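Not measured: the values here are computed from a predicted model.
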Amino acid sequence: MTTNELEQKLNKLDNRMKFSIREYDKDNVEISDDSSMESGLALVQVYKGEIKVYAKLGGHEIVMAKIMPPHDPLVTWSVDLESQAASYDPDSLKIYMGVLKIIDQFLADKENE
């Protein structure tokens with residue numbers, strides 16, 4: 001599955017929610033909010049090939065998941081589900097479970113490449 005196919009499948013889950021994908025083409029560092037740090041900010045490593053899944057409902061966009069390619073010390077594709085959304089109503093929970101199923105298939109395809 002390509003990242004374009006991933007985005008297309010996600011956008012078929014619900015017509016109220018718009019998904020978008022960002023794939024990084026090189027290693028990088030981003031500044032992230034982190035309330036556990038004294039400064040409130042943290043530097044976060046971003047790996048070449050890392051994919052962020054964004055969900056937009058109305059005017060609010062959040063990071064749903066980060067899909068990471070193999071990198072030291074990880075030797076396999078992985079997903080970070082520490083999303084910006086922490087609670088779901090019953091309808092949103094069904095969408096979230098659909099997102100997880102599609103990401104699971106994406107990871108399985110990547111492992112078989």
Side-chain angles (χ1 to χ4, degrees):
M1 181 185 313
T2 67
T3 53
N4 287 337
E5 292 169 329
L6 172 65
E7 186 171 348
Q8 289 171 2
K9 287 183 179 205
L10 290 171
N11 279 309
K12 290 179 182 176
L13 288 174
D14 188 271
N15 60 3
R16 296 170 296 164
M17 190 172 287
K18 171 78 174 141
F19 291 91
S20 60
I21 303 294
R22 178 174 181 200
E23 184 172 8
Y24 292 84
D25 59 358
K26 62 180 180 178
D27 287 347
N28 205 346
V29 175
E30 288 186 341
I31 297 174
S32 176
D33 293 336
D34 188 344
S35 60
S36 67
M37 304 288 290
E38 186 175 325
S39 68
L41 301 172
L43 294 177
V44 178
Q45 175 69 46
V46 178
Y47 297 97
K48 179 180 179 180
E50 183 173 314
I51 299 164
K52 285 191 179 178
V53 177
Y54 295 91
K56 187 173 187 177
L57 182 59
H60 188 67
E61 184 176 67
I62 61 165
V63 176
M64 290 282 295
K66 292 190 304 184
I67 303 170
M68 293 171 286
H71 60 275
D72 289 335
L74 297 175
V75 295
T76 187
W77 280 83
S78 61
V79 62
D80 179 346
L81 295 175
E82 291 186 37
S83 82
Q84 293 172 323
S87 61
Y88 299 91
D89 62 33
D91 290 335
S92 298
L93 184 58
K94 289 176 188 170
I95 296 168
Y96 184 67
M97 290 168 49
V99 168
L100 294 179
K101 287 178 186 177
I102 293 169
I103 289 174
D104 182 53
Q105 182 60 56
F106 181 83
L107 292 173
D109 290 355
K110 288 298 181 187
E111 287 298 317
N112 292 326
E113 285 183 351

Checklist outcome for this item: Tightest non-hydrogen contact, residues Lys48 and Pro69, listed as O-CG, 3.1 Å
Quick one: [atom1] on [X] to [atom2] on [Y], what's the gap to the nearest 0.5 Å?
{"X": "Asp80", "Y": "Lys52", "atom1": "CG", "atom2": "NZ", "value": "9.5 Å"}
{"X": "Met68", "Y": "Lys110", "atom1": "CE", "atom2": "NZ", "value": "15.0 Å"}
{"X": "Leu81", "Y": "Ile103", "atom1": "CG", "atom2": "CD1", "value": "6.5 Å"}
{"X": "Leu107", "Y": "Ile102", "atom1": "CG", "atom2": "CD1", "value": "12.0 Å"}
{"X": "Glu7", "Y": "Glu5", "atom1": "CD", "atom2": "CD", "value": "11.5 Å"}
{"X": "Ile51", "Y": "Arg22", "atom1": "CD1", "atom2": "CZ", "value": "12.5 Å"}

Using a 4.5 Å cut-off on heavy atoms from C-beta on, say whether the side chain of [Y] contacts that of [X].
{"X": "Phe19", "Y": "Lys9", "result": "no"}
{"X": "Asp25", "Y": "Glu23", "result": "no"}
{"X": "Ile21", "Y": "Val53", "result": "yes"}
{"X": "Ile95", "Y": "Asp91", "result": "no"}

Checklist entry - Do any pairs count as a side chain to side chain donor-acceptor pair (under 3.5 Å) and have a residue in residues 92-105, sequence neighbours left out, and if so which ones? => result Asp89-Ser92, Gln105-Asp109
Checklist entry - Honestly curious: do Val99 and Trp77 fall in one hydrophobic cluster under the side-chain, below-4.5 Å linking rule? => result yes
Next on the checklist: For residues 11-21, which residue pairs pass the salt bridge (Lys or Arg N to Asp or Glu O under 4.0 Å) check, not counting sequence neighbours?
Outcome noted: Asp14-Arg16
Next on the checklist: Once ring pair (Phe, Tyr, Trp, His ring centres under 6.0 Å) is applied, do any residues pair with Tyr47, and if so which ones, sequence neighbours excluded?
Outcome noted: His71
